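Given the structure is predicted, the values throughout are model-derived calculations rather than measurements.
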Amino acid sequence: MAAGSLEAGDGLALRYERDGLRVSWQHADWLGPLGFAFRGARWNAPAESEPFEGDDALGPHHGVALRWGDEVGELATSVRAYTHLPLLVLRCEARAALKGLGGSHFERPQVGWRFRPRERVPDGLPADAVAYGHQYTEFALPTFSDPSFAGFFMLPARPAVVMPLCVRTPERSLLLAPLDAFHEQVIAVPRGAASDRGELECGWHGDLDVVPAGFATELAIWGGTGVRALLESWGALLQQRAGARRRSRYADPAIGRLSYWTDNGAAYWYRTEPGQGVEGTLGAVADGLREARIPAHAFELDSWFYPHEVTRAFDAPEIDVPPTGMLRWEPREDALPSGIGALRRRLGNPPLILHARHYASRSPYFESEPAWRDGDRAHPRDASFFDRLFAQAESWGAVQVEQDWLIECFLGVRGLREEPGRAHAWQASLDTAAQEHGLSLLWCMGSPADLCAATALPRVAAIRTSGDYRYVLGNASLWCWFLYGNALARALGLLPFKDVFLSSRVGSGRDGDPHAELEAALAALSAGPVGIGDRVGRSDREIILRTCRDDGVLVKPDLPLAPLERCFASHAHTHAAPLVGETWSDHPAGRWTYVLAMHASRSHESLDFEIPLHELGHASPDGDLLAYDWASGCGERLSPGGALAFSLTQRGAFSLRVLCPLLDGLALVGDPTKYACAGDRRIRRVRTVDGGLAFDALGAPGEQVRVRGFAERLPRAVVARTAEGASAAKLTPEAGPGGRFDVLVPIGVRGATSVTLAASS
């Protein structure tokens, strides 16, 4: 290496020290010395290096090819440093076909890079640095550690793998993340401080047994100002490489309209009303929603509708998540004796969302279908298998398949992991079958690898980013899981699903949830699906309609709610720190920003804090703005150097602020009855015009839409025009200071009314 180092942009470098290679960037040693492992042999430093230069889609780079020893002659390893980016890329390629690589543990690579954080140079990294990442678990569990990487909270039954992994200091952060082969690579961390393997092992997972010649993987070491910025840069690259073609946030009724769910946490997950059975119970739900004018469209049928290897009974005293595999993707005779068609007719023929899971090895499907078998699990090998099942789903009236238990599908059957590309082929075949039959896909219980791979799967409409509603951990912990998971999903261009919630603030258990208001706000601001699961007669129409219009169309922000950078300094549940998320709605006149602050900590301390507007980064509107307190209805004028003040007195307390551009003394909030007040399915194309503001109000024909604004001087006139012509719109000034006013806008038969607010002279 020239001058003993390989330097990328902004000073990020791989330095050649006497005892090995070390990553430096302002701080001398981020990860400890870099070594390599192959088939049980381990090297602490390369024996030789050979420089090279090149240019690719990321720009010009220079690098070194590394030789570790004669035993590694079957592999080519190298590091590239990009001239204009703080980016190092570690590449490993098989020169020839390799067999017998598989070890005894998924999390112990037989081929991989080794960082030894215990051997950092003294003061190589600040002691208060924080490690953050997503464990290789269902819903990509967010987890934190100290710089040893041995302090991560690990689910016991899942591998000690954290991917992607960030190291954060107050000034800058470093990201380790795969650039390809997401199901073949792992970043293995020590399982606890007492682990005898105090290394960070990044490479081909230990179950990969056979690779063809030319198989290669790349791992990025990326520098940036913070975790959020790094995730966004990395995610943008993955989307670009995948040629990502994301579907609309409103592509089908499962993601664009209010839906009703029967999954874990809902009132009717393996439960019915006494004497009514499944069809009678869900029929009563549909009737009750119509009577209450709650516009639920799609209905989700969960794992209770088909038989498992051990099929759970309905209405048992205690119901846990059933872990066994699916036998057949067909209705249970004891639950739906008349079939899916009869149930759908009883519901009023809504679109259906159908749950699916991993397969049992004794499934009758595999008496004729080829499959990999592993104990009591199996996985089909033929892509046409899913095409046949999805044709069946289409005939039943489905619009979406919820592919659940993704982590169990992959980790449950070793045959799916033994050779590169098998996992990708499985998920691509689901995507292709969904495309063929007009369905979308909802990924559930996905690992970080599943999220990354979804960038190349256009039919994946949404992905769950937190554990089951109120299951095991309780609301507050799951709010944190959800928001941290959203940061990853948003970076990858995916829409998150918060999971079902109960809308009644009165009652407990199956009857309600005191935190229903916050659950609904999180669902609406996710930009993904919104699903309720209330018991008959227990729905709160007011809360539900804060997420959607009278016709069930969801009112969403442009992007998923995701946490501010400050939230990555410590876990917002285990520390006395607020959980604060941001998202926005863009219009021609500027950016409307939603800031949701929550007390999700297990601490009972009151949280009193300020958020300077500069912390919002790209989320902050330009120039002076009006900060609207959604709960109180009050507005406060702020300059760009201002701050938002919060006081959250107890767990579950939250505050939603809407930041609106000030345009010639006029600020339009939008619909104050919705969480996303200025969402583009309610307020569209806010723009400045000569003498005032103009916008379109959208809704169900005949609906009356209340639009709120603030003005230094009340608008002197309001003009509303539908497709049929001029329409009456009522301007109502509010008493007291602040200049608040409301406009009541009638919606015409085409679902939109154009409104102009003429400024006072």
Side-chain angles (χ1 to χ4, degrees), residues 521 524-525 527 546 555-559 561 564 580-597 611-646 655-689 692-698 705-715 718 731-734 736-745 755-760:
L525 295 174
R546 290 172 187 164
V555 181
K556 309 182 183 189
D558 292 356
L559 294 169
L561 186 75
L564 301 186
V580 187
E582 53 78 10
T583 182
W584 62 72
S585 296
D586 275 345
H587 294 279
R591 174 160 290 173
W592 274 248
T593 301
Y594 312 101
V595 180
L596 184 65
I611 302 290
L613 292 180
H614 70 79
E615 278 198 35
L616 300 177
H618 296 303
S620 181
D622 293 330
D624 290 350
L625 57 89
L626 180 105
Y628 176 72
D629 187 317
W630 184 87
S632 71
C634 297
E636 173 191 13
R637 181 168 182 159
L638 293 177
S639 65
L644 301 171
F646 297 91
S655 178
L656 173 61
R657 308 291 173 84
V658 185
L659 310 185
C660 317
L662 270 172
L663 305 164
D664 293 328
L666 187 63
L668 188 75
V669 173
D671 184 345
T673 70
K674 310 303 177 195
Y675 300 115
C677 302
D680 61 0
R681 288 305 189 270
R682 175 58 96 199
I683 304 295
R684 185 175 63 186
R685 294 195 316 121
V686 183
R687 55 205 183 275
T688 57
V689 295
L693 281 180
F695 62 93
D696 300 330
L698 279 62
V705 175
R706 185 174 299 278
V707 179
R708 178 159 292 169
F710 288 76
E712 295 172 351
R713 297 182 303 276
L714 282 176
V718 55
L731 177 67
T732 307
E734 298 269 333
R740 193 177 87 176
F741 65 89
D742 285 352
V743 179
L744 194 62
V745 182
V755 180
T756 301
L757 297 176
S760 297

Legend entry - Spacing of CG belonging to Leu757 relative to CG belonging to Leu663, to within rounding of 0.5 Å: 11.0 Å

Inset, instruction - State the CG-NZ distance between Leu525 and Lys556, to the nearest 0.5 angstrom. - result: 11.5 Å

Inset, instruction - Please examine the side chains of Leu693 and Arg687, heavy atoms only from C-beta on, and report whether any two atoms are closer than 4.5 Å. - result: no

Inset, instruction - Could you check if a side-chain atom of Leu564 sits within less than 4.5 angstrom of a side-chain atom of Ile611, using non-hydrogen atoms only? - result: yes

Legend entry - Residues in ring pair (Phe, Tyr, Trp, His ring centres under 6.0 Å) contact with Tyr675, at least two apart in sequence or another chain: Trp630

Inset, instruction - Check for a donor-acceptor pair, side chain of His587 on one end and backbone N or O of Phe695 on the other, with a separation under 3.5 Å. - result: no

I need the minimum non-hydrogen distance between [X] and [Y], along with the two atoms involved.
X      : Y      : answer
Cys677 : Val658 : SG-CG2, 3.9 Å
Tyr594 : Pro557 : CE1-CB, 3.9 Å
Glu582 : Ala619 : OE1-CB, 3.3 Å
Ala597 : Val580 : CB-CG2, 4.1 Å
Ala711 : Phe741 : CB-CE2, 3.9 Å
Ala667 : Leu662 : CB-CD2, 3.8 Å

Legend entry - Partners passing salt bridge (charged side-chain N to carboxylate O under 4.0 Å, His left out) against Arg682 (at least two apart in sequence or in another chain): Asp671, Glu703

Legend entry - Partner set under salt bridge (charged side-chain N to carboxylate O under 4.0 Å, His left out) for Arg546, not counting sequence neighbours: Glu517, Glu542

Using side-chain hydrogen bond (donor to acceptor under 3.5 Å, both in side chains) as the criterion, list what pairs up with [X], not counting sequence neighbours.
X      : value
Ser620 : none
Thr583 : none
Asp624 : Arg637

Inset, instruction - Kindly check if the number of other-residue, nucleotide or ligand heavy atoms within 6.0 Å of CG (Asp664) is above 12? - result: no

Legend entry - For Asp586, all residues meeting side-chain contact (heavy atoms from CB on, under 4.5 Å), sequence neighbours excluded: Asp558, Trp584, Arg591

Legend entry - For Ala627, side-chain contact (heavy atoms from CB on, under 4.5 Å) partners two or more places apart: Leu625, Leu638, Leu644, Leu659

Legend entry - Step-by-step side chain to side chain contact (heavy atoms under 4.5 Å, CB included) determination, Arg708 to Tyr628: CA-CA 10 Å; Arg708 178 159 292 169; Tyr628 176 72; 3.0 Å; yes

Inset, instruction - Go through the steps to decide whether Glu636 and Leu626 satisfy the test side chain to side chain contact (heavy atoms under 4.5 Å, CB included), and finish with yes or no. - result: CA-CA 5 Å; Glu636 173 191 13; Leu626 180 105; over 6 Å; no

Inset, instruction - Going by the side-chain contact (heavy atoms from CB on, under 4.5 Å) test, name the single residue among Leu744, Ile683, Val755 that passes it with Val707. - result: Ile683

